[in-house]
Amino acid sequence: MNNKLKLSTLKIAVKILAKSSMLYFILLLFLSIISGLPSVINLKVWEEIINEIADGLKFGIDKKTIIVLLCIHFAVYMMSIVSNKLIKYINDVYTTKIEMKISEDIVKFSSELTLSEIENPDTQNHLGKVGDNTTSKVSNMIDIFVDIIKNIVVFVGVVKIILSFNIWLIVLIMLSLIPIFTLNKKAVETMYQMYDETYESLRLAEYLKKTSYSYQGSRDLKIFSAFDFIIRKLGAIYNDILIKKKNVNRQNLFLTSFGDITESLATYGTKVLIIFDGIAKKHTVGYITMVFGAVDHLQNCLINFISSLLNLYDSLLYLDSYRYLQSIYEKHKISVDSSKNRYKLNSLYDIELRDVWFKYPQSEEYILKGISMYFQAGKTYEIIGLNGSGKTTLVKLILGLYSPSRGEVLINGKNISFYSLEDYCSLVSANFQDFTKLPLTIAENISMIDNSKIDKSRLERASRLGCSSNFIRKKQRKFDEIVTLGWEKSEDLSSGQWQRVNLSRTFYQDEESQIRIFDEPTSNLDLLAEYSVFNNIIEKSGDFLNIIITHRFFSVEGIDEIFVIEDGVITDHGNHEYLLRNNNMYKKLFNTHEGSTKL
């Protein structure tokens with residue numbers, strides 16, 4: 001990381017601290033200054049106490065003066081304790097505020113990432129690092145800033161004392177710390193490099209562990225007796241990481257040991273200088289004792305200062321992923337803002353795909369090849385094809401979640417990139433086969449908004465159209481039932497019930513949308529529910545542009561046009577009667593479906 005990036009990352013960290021709570025940020029800085037004063041003050045107080053004792057041995061003890069000095073020493077010491085306790089209390093609360101801010105940022109960053117970026121392993125690694133490290137590293141920066149200020153205060157206080165004794169003490173101490181800083185900086189860099197290189201392996205290990213104790217994962221591993229397989233995979237991952245970590249630690253051990261030896265030699269050198277110089281100049285015992293204390297404080301505060309700088313550098317390395325994601329977010333926001341100035345999307349009239357080709361970023365194989373299609377508002381379309389034919393990928397392009405590798409997608413006759421994705425998605429209600437299941441209430445899973453903002457009548461309508469109302473009524477807490485196992489007062493839903501919740505989610509959104517897309521909407525439903533859902537889609541089509549993606553047949557009534565897709569190519573399109581006469585795959589699928597429904 002170059003100096004410019006370090007400075008940029010440091011500014012980002014300070015902004016996070018300030019935005020999390022400016023009040024706590026200022027309080028901690030103020031208290032850190034206060035907490036640095038007692039060490040310096042008590043050095044002077046202790047000098048006076050020792051001198052009083054030394055004088056008392058010659059001329060008689062002044063008990064009153066010694067008691068007063070001890071009381072001052074105690075009061076200053078208590079001030080140090082109180083200020084450190086306050087710092088700890090504020091720090092604990094502040095850390096939670098920082099975690100809340102960073103969690104919001106992670107979701108915010110993710111909202112602006114394209115699906116191509118989301119599926120990129122590097123992006124996933126950056127997101128994982130932000131989630132794993134950012135809160136702890138930013139929170140650690142509070143301690144770092146506090147320590148730096150405290151050490152500066154101590155430094156200023158003790159340097160004045162040492163300068164009055166011998167300036168070469170300061171020179172010797174400062175020179176001895178240069179190799180410590182340089183060598184430990186190298187150790188920090190090699191440790192981070194090792195972490196960066198092994199992070200994807202760590203992410204895989206974490207995923208495997210979570211799989212072993214998730215409901216579905218544990219179920220499948222038990223049935224297939226595969227826990228030992230997971231253990232072996234984890235062992236192989238961690239053994240590989242362990243080998244790399246040993247190599248790095250051996251290198252760092254040599255580097256840091258050399259620095260420690262240099263610092264120890266300097267420590268004993270300063271002690272020798274103090275003793276002989278103190279005797280030569282006939283200083284008092286109290287004064288020499290104070291200088292010893294001042295030198296110890298100086299060495300400690302400089303070592304702590306170096307440690308704080310190294311911790312700061314370490315934190316900046318780990319915060320680079322946050323900086324990277326923030327830069328992507330800002331670029332996307334600029335792009336969205338510029339697109340808003342071009343075309344505003346209030347109504348959708350048609351969608352057209354012109355010679356669209358598509359392959360995933362990590363693949364060389366085209367999933368879609370030369371797709372040309374036209375969809376018009378107020379009509380219902382069906383896309384029929386076998387599993388793996390490219391149907392779901394086609395939906396993602398229609399929704400603007402991916403950009404074509406070649407060709408273009410047009411909305412109202414203009415390239416989809418001319419509109420903001422936010423505007424477009426506000427007109428869309430989509431049902432995916434790989435949908436999100438939240439460990440929240442049924443109502444929140446359907447509406448995807450806060451409970452306080454849910455429209456109850458709209459919720460009832462959506463659950464009725466999605467065929468989920470019957471099983472919801474049987475639940476003890478109805479729409480307030482928390483679903484997905486593993487959470488307090490929760491219970492799981494069957495795959496068919498989850499699909500009904502997902503369908504209800506689509507119907508809840510359709511009051512504000514103009515295009516509805518159903519991707520394999522009834523794959524886990526029984527025939528009766530399948531028939532009801534399909535009828536609800538057709539009967540409530542209205543002015544919607546409806547697109548149904550499937551490899552099954554519900555009813556051909558109400559479908560304006562059917563597209564047949566095979567191996568990423570649209571091989572035919574037309575109405576049911578035309579395709580039944582002219583397309584062999586369509587005919588085969590239909591006859592197979594008819595035979596299965598009769599059974």
Side-chain angles (χ1 to χ4, degrees), residues 99 103 106 110 115 117-137 190-253 318 321 360-365 367 386-388 392-393 432-440 445 481-499 501-502 520 523-525 551:
E99 186 170 9
S103 298
I106 291 173
S110 300
L115 288 189
E117 289 166 335
I118 285 286
E119 70 185 16
N120 187 299
D122 287 339
T123 305
Q124 286 296 322
N125 287 338
H126 281 300
L127 285 166
K129 289 176 191 175
V130 170
D132 292 346
N133 300 306
T134 304
T135 297
S136 62
K137 295 300 179 183
T190 54
M191 203 67 189
Y192 176 76
Q193 185 179 358
M194 187 274 297
Y195 169 79
D196 190 49
E197 290 173 354
T198 59
Y199 185 77
E200 189 159 338
S201 297
L202 289 168
R203 189 160 63 86
L204 174 59
E206 193 62 30
Y207 183 88
L208 291 174
K209 284 189 287 185
K210 287 181 179 179
T211 299
S212 71
Y213 58 74
S214 69
Y215 173 75
Q216 291 87 350
S218 180
R219 176 198 63 197
D220 293 347
L221 293 174
K222 285 180 187 295
I223 291 172
F224 294 103
S225 302
F227 280 102
D228 286 342
F229 166 69
I230 297 297
I231 291 171
R232 287 194 298 273
K233 292 295 288 185
L234 287 171
I237 291 169
Y238 282 114
N239 280 332
D240 182 56
I241 293 172
L242 188 60
I243 291 169
K244 294 177 180 177
K245 187 171 284 189
K246 282 181 177 179
N247 292 332
V248 170
N249 285 340
R250 274 196 295 267
Q251 179 184 345
N252 288 349
L253 180 63
Y318 282 89
S321 288
Y360 288 100
Q362 308 299 316
S363 173
E364 294 298 321
E365 181 182 354
I367 305 297
L386 297 173
N387 289 334
T392 298
T393 302
F432 295 104
Q433 53 181 316
D434 53 343
F435 55 90
T436 300
K437 301 175 182 178
L438 300 173
L440 302 173
N445 268 282
E481 193 77 57
I482 297 173
V483 286
T484 65
L485 293 176
W487 304 90
E488 190 176 355
K489 297 179 181 179
S490 68
E491 62 174 79
D492 200 20
L493 301 179
S494 69
S495 57
Q497 288 173 329
W498 265 117
Q499 187 157 43
V501 168
N502 187 37
E520 301 287 2
S523 56
N524 291 313
L525 301 186
H551 67 283

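Positions are given from 1 along the sequence.
Note: Ile237 CD1 to Leu242 CG = 13.5 Å, rounded to the nearest 0.5 Å. Atoms CG and NE2, from Asn120 and His126 in turn, are 8.5 Å apart once rounded to the nearest 0.5 Å. In this structure, CZ on Phe227 lies 4.5 Å from CG on Leu221, to the nearest 0.5 angstrom.
Scanning both residues, Met194 and Thr198, for their nearest heavy atoms gives O-OG1, 2.9 Å. In terms of heavy-atom proximity, Lys233 sits nearest to Leu208 at CB-CD1, 4.0 Å. Of all non-hydrogen atoms in Tyr199 and Lys129, the two that sit nearest each other are OH-N, 3.3 Å.
Between Tyr318 and Tyr195, the distance separating the two ring centers is shorter than 6.0 angstrom.
Heavy atoms from other residues, nucleotides or ligands lying under 6.0 Å from CD of Glu365 number 12 at most. Within 6.0 Å of atom OH in Tyr213, more than 12 heavy atoms from other residues, nucleotides or ligands are found, so the atom counts as buried in its surroundings. Glu481 CD: more than 12 foreign heavy atoms inside a 6.0 Å radius.
Not a single donor-acceptor pair under 3.5 Å links the side chain of Glu491 to the backbone N or O of Ile482. Thr190 places no side-chain N or O within donor-acceptor distance of the main-chain N or O of Val248, the cut-off being under 3.5 Å. The closest donor-acceptor contact from the side chain of Asn502 to the backbone of Phe432 lies under 3.5 Å.
Contact of the Asp228 side chain with the Ile231 side chain is registered, since non-hydrogen atoms from C-beta on lie closer than 4.5 Å.
Salt-bridge annotation for Lys244 and Asp240: present, with a side-chain N of the basic residue lying under 4.0 Å from a carboxylate O of the acidic one. Salt-bridge check for Arg203 with Asp132: failed, with every basic side-chain N at 4.0 Å or more from each acidic carboxylate O.
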